[in-house]
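Have a look at the structure below before the remarks.
Just so you know, these numbers come straight off a predicted model, no measurement behind them. Protein chains get the first letters and strands the later ones, always in sequence-line order, with residue 1 at the start of each.
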Number of protein chains: 2
Amino acid sequence: MKEIFNASQPTGLPPAPAALAAKVRTLTPSLTRSMQRVAEAVADNPAGCAALTVTGLAELTGTSEATVVRTARLLGYPGYRDLRLALAGLAAHQQSGRAPSVTADIAVDDPISEVVAKLAYDEQQTLADTAAGLDTVQLAAAVAAAATARRIDVYGVGASSLVGMDLAQKLLRIGLIAHAHADPHLAVTNAVQLRSGDVAIAITHSGSTGDVIEPLRVAFERGATTVAITGRPDGPVTQYADHVLTTSTARESELRPAAMSSRTSQLLVVDCLFIGVAQRTYETAAPALAASYEALAHRHTPRNAR
Amino acid sequence: MKEIFNASQPTGLPPAPAALAAKVRTLTPSLTRSMQRVAEAVADNPAGCAALTVTGLAELTGTSEATVVRTARLLGYPGYRDLRLALAGLAAHQQSGRAPSVTADIAVDDPISEVVAKLAYDEQQTLADTAAGLDTVQLAAAVAAAATARRIDVYGVGASSLVGMDLAQKLLRIGLIAHAHADPHLAVTNAVQLRSGDVAIAITHSGSTGDVIEPLRVAFERGATTVAITGRPDGPVTQYADHVLTTSTARESELRPAAMSSRTSQLLVVDCLFIGVAQRTYETAAPALAASYEALAHRHTPRNAR
DNA sequence: CGTATAACGAAAATATCTTTCAATATGTGA
DNA sequence: TCACATATTGAAAGATATTTTCGTTATACG
């Protein structure tokens with residue numbers, strides 16, 4: 001067996017400078033056990049790890065040099081040396097940064113004001129991570145496909161279905177033909193109709209939601225351009241995806257289900273996709289948007305209150 | 001003859017992080033010619049030098065490895081390796097200094113990477129604004145009402161309907177009885193059923209969406225506790241709201257409809273509401289959340305994909 | 001002009017990083 | 001449950017990079 005971990009990097013992204021923390025979080029779930037230990041140590045204490053040699057870090061994490069190097073590769077660096085440099089950069093970056101006062105998890109007895117602060121902070125973090133980890137090449141490709149598509153189908157179930165509907169709603173507003181399917185059966189039924197020139201978008205945080213993978217597979221086999229928006233760029237869903245857009249995976253806690261931050265992340269991706277498409281179809285998008293405002297105007301009472 | 005350059009460091013100062021540039025200037029006059037060349041290169045372009053090996057830097061400056069190492073020592077580092085680390089840190093530091101260039105609006109011809117950065121930044125801003133402007137007293141009151149409610153109805157149309165569904169979905173997950181209504185007629189029909197001890201929540205960015213105000217008014221008159229989530233705390237909807245939760249109103253542009261940032265803001269408020277309720281119903285919420293995970297487990301394929 | 005000293009670089013010695021490969025663990029299908 | 005295939009892992013060999021050594025060349029000073 002050959003170990004070509006570089007191949008797992010879809011497009012040759014240049015290693016991340018301060019986006020390292022994001023990358024670690026995004027990638028952690030798809031790492032093996034010992035690699036996770038290394039990644040954790042690195043994310044936990046960048047400054048400390050930057051001071052260590054491969055051997056040192058291997059000992060600290062109770063693994064081998066080989067594993068450390070492998071982890072560095074997975075993180076997108078050519079080797080440990082480069083990861084170490086990035087780590088030093090990150091450390092300096094953090095140092096200059098602000099006080100990470102609210103990093104703690106939300107507890108059952110947190111006062112409501114604390115909850116607001118922590119949630120806002122977490123979601124901001126999620127946004128930053130997502131933006132940092134988003135592959136703009138893949139995004140551009142997805143945008144190009146969507147902008148010229150005959151029709152666009154969006155698949156998502158559970159929490160992701162709302163994101164799907166949001167995307168479809170917005171695309172409709174700029175005059176594109178888009179549908180969101182939350183019902184797996186109807187999704188497959190519709191996917192069968194797709195062909196080359198159409199676009200299918202699957203949204204699943206886990207990357208392994210059968211109900212979403214199935215319609216994407218059908219669309220893929222019918223020749224449609226397929227896009228996966230997922231937190232697991234190595235998950236089964238990517239088998240049938242021409243373009244993969246990665247969402248960030250923030251830690252979850254008992255009170256804070258993963259759905260919450262994954263939704264934030266997914267929405268940002270979807271927004272980017274939408275804006276990208278709107279740019280490329282500006283001629284028709286702008287008047288369509290204006291028209292939809294116009295149509296809604298009479299639904300608002302003339303704010304006489306107070 | 002022995003070369004103990006370390007001895008030239010009077011007091012065992014720890015290597016400088018960002019004070020490197022200063023150190024270089026201070027030390028330059030006392031350096032030999034070739035060492036000056038090295039120091040100059042380093043001060044000139046920290047990022048570039050950080051990417052070079054000893055040999056590389058030696059060649060670049062037309063000197064030898066030994067000289068580079070000697071210079072590193074003079075600068076206060078144990079060796080070149082450490083200088084390089086410091087250089088990487090310095091580079092990252094400098095980079096972070098000039099970051100806030102993304103304040104501008106999204107333009108039609110922005111490259112996709114710019115779009116991602118601007119959107120992420122805007123949404124982060126929206127979150128911060130929302131958290132800052134949220135009245136925790138009102139929020140606490142709304143939470144208390146929802147946590148003990150017999151049933152919870154949520155009204156929202158258009159983009160806000162998705163937020164409403166999100167809230168209802170989550171409340172359902174922790175065992176509460178919640179419904180989201182996007183259909184104005186059904187919403188009113190259901191609102192008639194409410195009475196004291198029930199909670200009705202209206203979500204409208206403009207604060208003047210008749211289709212949402214109407215059911216809230218009905219619920220209000222029936223004696224239910226009513227909550228308005230709106231960007232216009234002076235809008236008509238607040239007439240019938242016992243508690244008003246204010247969302248932030250970010251600027252919108254031609255390509256960036258208001259729906260986008262209002263949605264972000266609304267979701268944060270809804271999340272806070274949810275977490276608050278989950279805290280107060282922890283005894284039942286925690287097992288209910290766990291159970292809902294459990295129920296979904298088999299819907300995921302066992303990640304066999306490479 | 002000669003000598004002492006400092007500056008410098010080539011190359012050896014060492015440390016560090018990377019790769020290979022075999023052993024072990026893990027999961028999958030009969 | 002077992003046998004098989006595949007993935008994960010670390011020890012050690014191999015390759016690079018860094019540091020040290022040491023001899024040569026340059027410079028200063030008497």
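- If you measure from atom CZ of B:Arg70 to atom P of D:dT20, you get 11 Å, rounded to the nearest angstrom.
- Checking side-chain atoms of A:Thr238 against main-chain N and O of A:Ala241 turns up no donor-acceptor pair under 3.5 Å.
- At the heavy-atom level, A:Gly56 lies nowhere under 4.0 Å from the strands shown.
- Between A:Tyr80 atom OH and D:dA17 atom P there is a gap of 17 Å when expressed in whole angstrom units.
- The phosphate of C:dC8 (OP1 or OP2) has no side-chain N or O of B:Ser64 nearer than 4.0 angstrom.
- A straight line from CE of A:Met35 to P of D:dA7 spans 13 Å, rounded to a whole angstrom.
- The CG-P distance, from B:Leu31 to C:dA6, rounds to 16 Å in whole Å.
- Remark: A:Arg84 is in phosphate contact with C:dC17, judged by side-chain N or O atoms under 4.0 Å from OP1 or OP2.
- Taking 4.0 angstrom as the limit, B:Arg73 places a side-chain polar atom (N or O) nearer than this to OP1 or OP2 of D:dT20.
- Comparing C:dT19, D:dT9, D:dA17 by their closest approach to the side chain of B:Val54 singles out D:dA17.
- In this structure, B:Arg81 atom CZ and D:dT16 atom C1' are separated by 10 Å, rounded to whole Å.
- For B:Glu59 and C:dC8, the CD to P distance is 18 Å, given to the nearest whole Å.
- A donor-acceptor pair under 3.5 Å links the side-chain atoms of A:Thr247 to the main chain of A:Gly231, judged by distance alone.
- Computed from coordinates, the B:Leu85 CG to C:dC17 P distance equals 10 Å when rounded to whole Å.
- At the phosphate of D:dT27, OP1 or OP2 sits under 4.0 Å from a side-chain N or O atom of B:Arg33.
- B:Glu65 places its CD atom 8 Å from the P atom of C:dA10, with the value rounded to the nearest Å.
- A side-chain N or O of A:Thr67 and one of A:Ser64 form a donor-acceptor pair less than 3.5 Å apart.
- When the side-chain nitrogen and oxygen atoms of A:Thr55 are compared with OP1 and OP2 of C:dT16, none of them lie within a distance under 4.0 Å.
- Residue B:Ser34 has a polar side-chain atom (N or O) positioned under 4.0 Å from OP1 or OP2 of C:dC8.
- If you check the side chains of A:Thr264 and A:Ser261, you find no donor sitting under 3.5 Å from an acceptor.
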Worked check of side-chain hydrogen bond (donor to acceptor under 3.5 Å, both in side chains) between B:Thr63 and B:Ser34 = CA-CA 6 Å; B:Thr63 65; B:Ser34 28; over 6 Å; no
